[in-house]
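Input: a single structure, listed below in structure tokens.
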Amino acid sequence: MPTVLPLSMFLSLSLFILSTFNFAESQPFIGINYGQVANNLPPPMATANLLNSTTVGKIRLHGADPAIIKALSNTGIGIVIGATNGEIPALASDPNAAMRWVNSYVLPYYPASNIILITVGNEVITSSTDQGLISQLLPAMKNVQNALKSVLLGDKVKVSTVHSMSVLSQSYPPSSSFFNPVYQDTMRGLLEFQRENGSPFAINPYPFFAYKSDPRPEMLAFCLFQPNSGQVDSGTGITYVNMFDAQLDAVRSALNAMGFKDTEIMVAETGWPYSGDINEAGPSVENAMAYNKNLIARLRSMAGTPLMPGKSVDTYVFALYDENLKPGPSYQRAFGLYKLPDLTMIYDVGLSKINSSQTPSPNQVTPLSPKKPGTSWCVPKAGVSDAQLQANLDYSCGQGIDCRPIQPAGACFEPNTLLSHASYAMNLYYQTAGKNPWNCDFSQSATLTSINPSYNICNYPG
């Protein structure tokens, strides 16, 4: 049977092609986390200069460091600041404490520093064993919101809190997801407040942890946005081809089930560590780069998720730098994208405004490892199954490459075979994704060749 791409994929491709013209500009749906559990962080202005050299449109601080907030003034970068879990009791019990907080961390800097959101607490509901702290969360949020209103910023700076995926009792299949009944009354109160004030529901989805709990090769591909057979939601018949979309749609379904269909979702944290303990499943530079680079490509495609199509949820990658004083397993200290102290890339995920093969340091542009000489093309290995070829084709075209040449009347439509169409798409993905060996892996079903596979009027880029 001929392989024909659905109309929905063409729409996604069109959106992606349009979006590529703006890669030299900041993109508001791409954010990054700046944690400060470290003793080797650069001066705030160095961080501001680094961010200005990227397409990152927003930054999330896990506190409210005045020096960083001030350094980000006049950059246009949206800033999320945070009241810590330890500050919640005072904010909840005393409206004056909330007013002092706003006077200290918002008023001196806004609007030159583009503060857009205050998160009150991080994963309070699922990480705290103190029921009193949980019960103080909503009063604290209300007091901060009222303080903002009193200085006429209530409609400009929003108030939210951040949750872990553990607030869901069930997250798969996504359509049957719902909030843990233990938390439902608390969640309803928070969501009613947020709907009234127009703030997003902030969640921390980490496909990395899903893989750690189920370290099979097919699960790794599913978590890294790589070619895989997908997982079918038995309730809707939707086939999910990556964990990130499945997790977001699980949150969407849980919100819908509680009657909050109009509440926007924000991904406050997501990332993948590049290093971990010996024999630990998951952490590696290759996996971290695959996850973050494919995540960013997915966001730029504006494809959305099956339940939230045609738009990208604001997503804050974790993290800007490693936090060398963070407790726990070693992978907790290996989420950073940029090295300290020179601020060069640990690995390239395509965030630089310059291009995806260069990274700025505070004073210069330093190239990454040079490209290997010669020309190569990515093609399927001999004997690859039709199921794998179809998965490779769907994945490649789903990443925003131009697959029109393998459509009817296209220059590469003939021969109209799955092998031919997959070969073209896999090579085009390899050429546009960076021409790195890992861009021609496809679950070990592809190989590089120095022989040009172009034929007749069908030109394979290379």
Side-chain angles (χ1 to χ4, degrees), residues 26 28-29 31-37 41-52 56-124 133 136-162 189-190 192-202 264 266 268-269 314 316 319-320:
S26 295
F29 46 81
I32 199 161
N33 281 266
Y34 183 11
Q36 292 182 269
V37 187
L41 296 173
M45 280 307 303
T47 294
N49 291 336
L50 172 63
L51 291 170
N52 270 330
V56 170
K58 296 184 172 85
I59 186 168
R60 178 187 169 217
L61 308 182
H62 289 220
D65 187 324
I68 299 172
I69 298 171
K70 184 177 181 179
L72 292 169
S73 64
N74 302 312
T75 62
I77 294 170
I79 307 167
V80 179
I81 60 176
T84 65
N85 292 5
E87 293 175 293
I88 290 174
L91 295 173
S93 62
D94 184 3
N96 291 325
M99 192 70 248
R100 287 192 296 271
W101 199 96
V102 169
N103 283 337
S104 296
Y105 303 119
V106 180
L107 282 183
Y109 311 107
Y110 184 91
S113 296
N114 184 25
I115 300 169
I116 57 174
L117 180 69
I118 298 170
T119 57
V120 179
N122 184 61
E123 300 186 352
V124 173
L133 185 65
Q136 291 172 315
L137 178 58
L138 181 55
M141 293 169 66
K142 287 181 175 179
N143 282 343
V144 173
Q145 181 69 50
N146 289 336
L148 290 168
K149 287 180 179 178
S150 72
V151 293
L152 305 180
L153 292 180
D155 60 342
K156 296 179 175 67
V157 181
K158 303 300 182 181
V159 178
S160 186
T161 188
V162 179
L190 293 172
E192 286 173 349
F193 163 80
Q194 292 184 242
R195 179 160 62 186
E196 180 181 341
N197 293 284
S199 64
F201 181 82
E264 294 289 333
M266 176 187 107
E269 288 179 32
D314 283 2
Y316 293 75
L320 188 60

Between side-chain atoms of residues 97-108 and protein atoms elsewhere (two or more places apart, or another chain), which donor-acceptor pairs fall under 3.5 Å?
unit_1: W101; atom_1: NE1; unit_2: E87; atom_2: OE2; d: 3.1
unit_1: N103; atom_1: ND2; unit_2: M99; atom_2: O; d: 3.3
unit_1: S104; atom_1: OG; unit_2: R100; atom_2: O; d: 2.9

Side-chain donor-acceptor pairs of residues 149-159 under 3.5 Å, sequence neighbours excluded:
unit_1: S150; atom_1: OG; unit_2: A147; atom_2: O; d: 2.6
unit_1: K158; atom_1: NZ; unit_2: N197; atom_2: O; d: 3.1

Return all side-chain donor-acceptor pairs below 3.5 angstrom for residues 88-95, not counting sequence neighbours, or 'none' if the list is empty.
unit_1: S93; atom_1: OG; unit_2: P89; atom_2: O; d: 3.0
unit_1: S93; atom_1: OG; unit_2: A90; atom_2: O; d: 3.4
unit_1: D94; atom_1: OD1; unit_2: N96; atom_2: N; d: 2.9

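Heavy atoms only, all atoms of each residue included: V144 and V120 are closest at CG2-CG2, 4.3 Å. Minimum heavy-atom separation, Q36 to L41: CA-CD1, 3.7 Å. Of all non-hydrogen atoms in A48 and A71, the two that sit nearest each other are CB-O, 3.5 Å. Taking every heavy atom of both residues into account, I79 and S113 meet most closely at CD1-CB, 3.9 Å. Nearest heavy atoms, N122 versus R60: OD1-NH2, 3.0 Å. Nearest heavy-atom pair across S26 and G57 is CB-CA, 4.1 Å.
Between Y109 and P66 the shortest side-chain heavy-atom distance falls below 4.5 Å. Side-chain contact between L138 and T161 is absent, with no heavy atoms from C-beta onward closer than 4.5 Å. Within the 4.5 Å cutoff, the side chain of V56 has no heavy atoms near those of the L320 side chain. The shortest side-chain heavy-atom distance between H62 and E269 falls under the 4.5 Å cut-off.
Applying the salt bridge (Lys or Arg N to Asp or Glu O under 4.0 Å) rule to pairs touching residues 65-84 yields nothing, sequence neighbours excluded.
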- [ ] Test side-chain contact (heavy atoms from CB on, under 4.5 Å) on V80 and I116 and set out the steps.
- [x] CA-CA 6 Å; V80 179; I116 57 174; 4.3 Å; yes
Open item on the list: Run I68 and L72 through side-chain contact (heavy atoms from CB on, under 4.5 Å) and show every step you take.
Closed with: CA-CA 6 Å; I68 299 172; L72 292 169; 4.0 Å; yes
TODO: Would you check, one step at a time, whether the test side-chain contact (heavy atoms from CB on, under 4.5 Å) holds for K58 with L117?
DONE: CA-CA 11 Å; K58 296 184 172 85; L117 180 69; over 6 Å; no
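In this structure, I59 CD1 and L51 CG are separated by 4.5 Å, a value rounded to the nearest 0.5 Å. One finds the CD1 atom of I69 at 13.5 Å from the OH atom of Y110 (value rounded to the nearest 0.5 Å). To the nearest 0.5 Å, atom CG of residue L61 and atom CD1 of residue I118 are 11.5 Å apart. Considering CG of N85 and CG of L133, their distance stands at 6.0 Å, rounded to 0.5 Å. With values rounded to the nearest 0.5 angstrom, E192 atom CD is found 6.5 Å from R195 atom CZ.
Partners of S199 according to the side-chain hydrogen bond (donor to acceptor under 3.5 Å, both in side chains) rule, which considers only residues two or more places apart in sequence or in another chain, are Q194. Partners of E264 according to the salt bridge (Lys or Arg N to Asp or Glu O under 4.0 Å) rule, which considers only residues two or more places apart in sequence or in another chain, are K311.
With N33 contributing its side chain and Y316 its backbone, the two residues share a donor-acceptor pair below 3.5 Å.
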